[in-house]
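Here is the structure we will look at, set down as structure tokens.
For this chain, numbers begin at 1 and follow the sequence in order. Everything numeric here is computed off the predicted structure, so don't read it as measured data.
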Amino acid sequence: MEATREIYWNVGHGVLIPMYALALLAIGVLVYGAMQRVKIYRLGKPLDRTDDLRGRIIAALKDMLSQRQVLRVQGPGTAHGLFFWGFVLLTIGTTLIFLQADFTDPLFGWKFLTGTFYKLFSVVLDLAGLTAIIMLGGLFVRRYFIRPKGLETDRDDAIMHGLLFAILVTGFVIEGARMAVTELPTNMALAYWSPVGLLVAKAFSGIDETSLRTLHKGTWWLHLLLTLGFFIIIPLTKFRHILTTSSNYIFADRRRKGSIATLNLEDEKAESFGVAKLQELTWKDIFDGDACTECKRCQDRCPAWATEKPLSPMKLINQIQEVAFTKPDASLIETISKDVLWACTTCRACQEICPAAIEHVNKILDMRRNMVLMEGEFPGDEVMVAADNTEVNGNPLGLAFASRGDWAEGLPVQLMASGEEVDILYFVGCYASFDKRNIKVAKAFVQLCAAAGVRVGILGKEEKCCGEPVRKLGNEYLYQAMAVENIEVIKAYGVKKVVTACPHCFNTLDRDYRDLGYEIETEHYTTFLQGLVKSGQLKLNSQEFDCTYHDSCYLGRYNDIFEAPRQLLQAAGGSIREMEKSKLEGFCCGAGGGRILAEEKLGTRISETRAKMAAETGSGVLVSNCPFCLTMFEDGIKGAGLEGSMVPKDLAELLVERLDKS
């Protein structure tokens, strides 16, 4: 007997008309519900996220089918991935049945669900269904019995778990009832290719055929109605993420990571700048709310949330969605609260881990822009002072701009104004120019360059703050003023290469300045020095030492520079004890998002929390490559009571101590 089965067994082909009528009705309700939500998305401003649509779709399919982002979190991520793949296989199987029963067989007399292919088809679908049930059960236990802190559960979750479980179980009941009548008595060899169905069929073996047929037909209709109900409620529940999360992969921001829109501050038609109302968001910002699965991964990694501050990236996105669908005229800033918006360090940990391609950070920055540019609000008086200092003296520390290059006296450094030929322009930054602790780093970098035969030039008093801290706090006007001045000066000297030791300066010059006409090659000192070591220009005398290394958010997550600093440490003889939160999972120092200029008044200090993480490695040296990080760790180590047991060092300081002077 050929391996196959009768499709529509027991229910007959007479079900086709009502089945397809109900299916069309369900799809119509789904489309109607989706279009109602699209109307809300359209309340936002236009944004083009359809360039290179083919490439976007291909990338989205890869992300969706591989579950790459979902699987980054073991446990629930693995369970969700396996459930997804199981459900996909069941969907493919149902589609193949439809194709044969309602297309290829009646029109062409071609049945492909036969023989070896049918056996494989049957066993794969059975195992896929079993896997989906087990994984769904695991996720149910996690949500309702061992629920992690912060995982919120509501009516939608109960509906989703209940409906999916009912669809899967009724599918096996249908299969078991059919097999109990058609395969157990006469074709056990075929039944073994449906192992789960066989177990159910054996459980039904004591029931008479008439009752089995009644059970089969009734469950078949129930299964159909449950499945159609699934489609109907997609727009009404969290099921919508099946469509919205997948679509959000297509609409992902394909610019360089962390890109920010550069405002046209001379736009006379602009009634306001930044975002205070729903209509000032883009449609993608509103759409993100529907794509959110409330998995809380962003919240788990947020340094503000981890240190008892009110910011939860997940709740922020949910609040925007709530405003969009229930009170579109409400103030976003008042709904979310100013304390929440000021707490963000823009570390980007939320976006990096998000499995739904949601963009949290720029929403916060746009609302900060509105508070600063339209309302004149800052997170504290100290920030207003720093902004005034930046405007007057070109640095937030309030020191005289004329003394900006004094640190380099006696060092092999040329002022660009001297006209001497140089290999690189060292963009020093404010902290390395004025802060005593960070001046040591600037001097160390110059010594390393001199040892490698690299001629270094600086702008001295012509250099201004790159503008990054005030920009991240919302002062786009002051940022652009600083940026334009710096760009004009650098261009005037015909500079071919810029190197900076500050990840914030590097990120701003190499990415943000390009919107304002900056086109010069720019590099962070870690990759620059790594190149000198590899080429043999910079020779190090390796001396063994023990350390732990902190990934600056703006060097690591923003620019994916993880290996260069580690390779330099190893070349110098360093043995690195990695912190639990490192690389893409790294924890912020607390200075990003302009917070370097603001007092940390809520919760515990982020820098102290990070210092304690470093201490847990057992190493006595905490290495960074960012002036903001170094400044924060100087205070964080003291605040955590770790003085004497841990020392913060910049990578350049360690390297200069190990220069080969032979």
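For Lys496, the NZ atom sits in a loose shell: 12 or fewer heavy atoms of surrounding residues, nucleotides or ligands are nearer than 6.0 Å. Around CE of Met384, the count of heavy atoms belonging to other residues, nucleotides or ligands within 6.0 Å does not exceed 12.
Under the 4.0 Å criterion applied to side-chain N and carboxylate O atoms, Asp510 and Arg514 are assigned as salt-bridge partners. At a threshold of 4.0 Å, the pair Asp253-Lys284 does not count as salt-bridged, since none of the basic side-chain nitrogens sits closer than that to a carboxylate oxygen. For the pair Arg56 and Asp52, the salt-bridge criterion is not met [side-chain N within less than 4.0 Å of a carboxylate O]. With respect to Lys309 and Glu600, a salt bridge is recorded, a charged nitrogen being found less than 4.0 Å from a carboxylate O. Salt-bridge formation is detected for the pair Glu476/Arg471: a Lys NZ or Arg NE/NH1/NH2 atom is positioned less than 4.0 Å from an Asp or Glu carboxylate oxygen. Between Lys436 and Glu634, no side-chain nitrogen of the basic residue sits less than 4.0 Å from a carboxylate oxygen of the acidic one, so the salt-bridge criterion is not met. Of the charged side-chain nitrogens involved, none lies within less than 4.0 Å of a carboxylate oxygen, so that Glu616 and Lys612 do not count as a salt-bridged pair.
Proximity of a side-chain donor or acceptor of Thr631 to a complementary backbone N or O of Pro627 within less than 3.5 Å is detected. Looking only at distances, a side-chain donor or acceptor of His524 sits under 3.5 Å from a matching main-chain atom of Ala501. For the pair Asp515 (side chain) and Tyr513 (backbone), a donor-acceptor distance under 3.5 Å is absent. Panel note: side chain Arg301, backbone Glu585; no donor-acceptor pair is recorded below 3.5 Å. Without hydrogens or angle criteria, Thr345 side chain to Ala591 main chain gives no donor-acceptor distance under 3.5 Å. Put simply, the side chain of Asn486 never gets that close to the backbone of Ile490: no donor and acceptor are under 3.5 Å apart. In this structure, the side chain of Gln480 engages the main chain of Leu263 through a donor-acceptor pair within 3.5 Å. Arg577 places a side-chain N or O within 3.5 Å of a backbone atom of Thr617 that can act as its donor or acceptor partner. With Arg368 contributing its side chain and Trp342 its backbone, the two residues share a donor-acceptor pair below 3.5 Å. Between the side chain of Arg595 and the backbone N or O of Cys344, no donor-acceptor pair lies under 3.5 Å.
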Exercise. Evaluate side-chain contact (heavy atoms from CB on, under 4.5 Å) for Gln530 paired with Thr526, printing each intermediate quantity in order.
Key: CA-CA 6 Å; Gln530 182 198 33; Thr526 51; over 6 Å; no

Practice problem: Under the side-chain contact (heavy atoms from CB on, under 4.5 Å) rule, what do Arg437 and Leu630 come out as? Steps first, then yes or no, please. | Solution: CA-CA 8 Å; Arg437 180 64 186 88; Leu630 186 60; 3.8 Å; yes

Quiz prompt | Residue pair Leu622, Met579: steps toward the side-chain contact (heavy atoms from CB on, under 4.5 Å) verdict | solution = CA-CA 10 Å; Leu622 172 54; Met579 286 182 263; 3.9 Å; yes

Exercise. Check the pair Leu659, Lys539 against side-chain contact (heavy atoms from CB on, under 4.5 Å), reporting the backbone distance first and the verdict last.
Key: CA-CA 6 Å; Leu659 274 176; Lys539 294 180 171 58; over 6 Å; no

Practice problem: Apply side-chain hydrogen bond (donor to acceptor under 3.5 Å, both in side chains) to Ser619 and Asp546, showing your working. | Solution: CA-CA 6 Å; Ser619 175; Asp546 188 69; 3.3 Å; yes

Practice problem: Might you work through the salt bridge (Lys or Arg N to Asp or Glu O under 4.0 Å) test for Lys443 and Glu653, ending with a clear yes or no? | Solution: CA-CA 9 Å; Lys443 290 181 175 180; Glu653 295 177 300; over 6 Å; no

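In this structure the side chain of Met314 never reaches within 4.5 angstrom of the side chain of Cys302, judged on heavy atoms. Inter-residue side-chain proximity for Trp305 and Lys315 is flagged as met; some heavy-atom pair is nearer than 4.5 Å. When side chains are defined from C-beta on, Glu352 counts as touching Lys257, because their heavy atoms get closer than 4.5 Å. At a threshold of 4.5 Å between non-hydrogen side-chain atoms, the residues Val499 and Val456 do not count as touching. Contact check for Asp551 versus Arg566: side-chain heavy atoms found under the 4.5 Å cut-off. For the pair Arg68 and Arg72, the minimum side-chain heavy-atom distance is 4.5 Å or more. Contact annotation: the side chain of Ile424 never approaches that of Val498 to less than 4.5 Å [non-hydrogen atoms, C-beta and beyond]. The shortest side-chain heavy-atom distance between Ser575 and Glu544 does not fall under the 4.5 Å cut-off.
With Cys547 as the fixed residue, the side chain to side chain contact (heavy atoms under 4.5 Å, CB included) test singles out one of Val647, Leu651, Val623: Val623. For the side chain to side chain donor-acceptor pair (under 3.5 Å) with Tyr554, the qualifying choice from Asn507, Thr346, Asn559, Thr508 is Thr346, the only one to do so.
Interatomic distance, NZ of Lys472 versus CD1 of Ile596, reported as 13.5 Å (0.5 Å rounding). For the atom pair CG (Asn389) and CG (Leu399), the distance works out to 8.0 Å, reported to the nearest 0.5 Å. Atoms OG and CZ, on Ser433 and Arg404 in that order, are 4.5 Å from each other to the nearest 0.5 Å. Distance SG/Cys350 to CZ/Arg297: 14.0 Å, rounded to 0.5 Å. Taken to the nearest 0.5 Å, the CD atom of Glu463 stands 12.0 Å off from the CE atom of Met482. Here the CD1 atom belonging to Ile520 is positioned 8.5 Å from the CG atom belonging to Leu509, to the nearest 0.5 angstrom.
Applying the ring-ring contact (aromatic ring centres under 6.0 Å, His included) rule to pairs touching residues 460-494 yields nothing, sequence neighbours excluded.
In this structure, Phe587 has its ring center at least 6.0 angstrom away from the ring center of His550.
In this structure, Val495 and Lys497 approach most closely via the heavy-atom pair CG1-O, 3.4 Å. Scanning all heavy atoms of the two residues, the minimum distance from Ala564 to Thr527 falls at CB-CG2, 3.9 Å. Contact detail for Ala432 and Ala442: the closest heavy-atom pair is O-CB, 3.8 Å. Nearest heavy-atom pair, Ala261 versus Arg369, reported as atom, atom and distance to 0.1 Å: O-NH2, 2.8 Å. Across all non-hydrogen atoms, the minimal contact from Gly405 to Ile458 is CA-CD1, 4.4 Å. For Phe434 against Ala400, the heavy-atom pair with the smallest separation is CE2-O, 3.6 Å.
Residues Gln74 and Thr78 have side chains that never bring a donor and an acceptor to within less than 3.5 angstrom of each other. Checking Ser624 against Asp650 by side-chain atom types alone, no donor-acceptor pair falls below 3.5 Å. The closest side-chain donor-acceptor pair between Gln351 and His360, if any, does not fall under 3.5 angstrom.
A cation-pi arrangement is absent between Arg511 and Tyr518 under the rule of less than 6.0 angstrom and at most 45 degrees off the ring axis.
Here Arg455 pairs with Glu421, Asp423 under the salt bridge (charged side-chain N to carboxylate O under 4.0 Å, His left out) rule; sequence neighbours left out.
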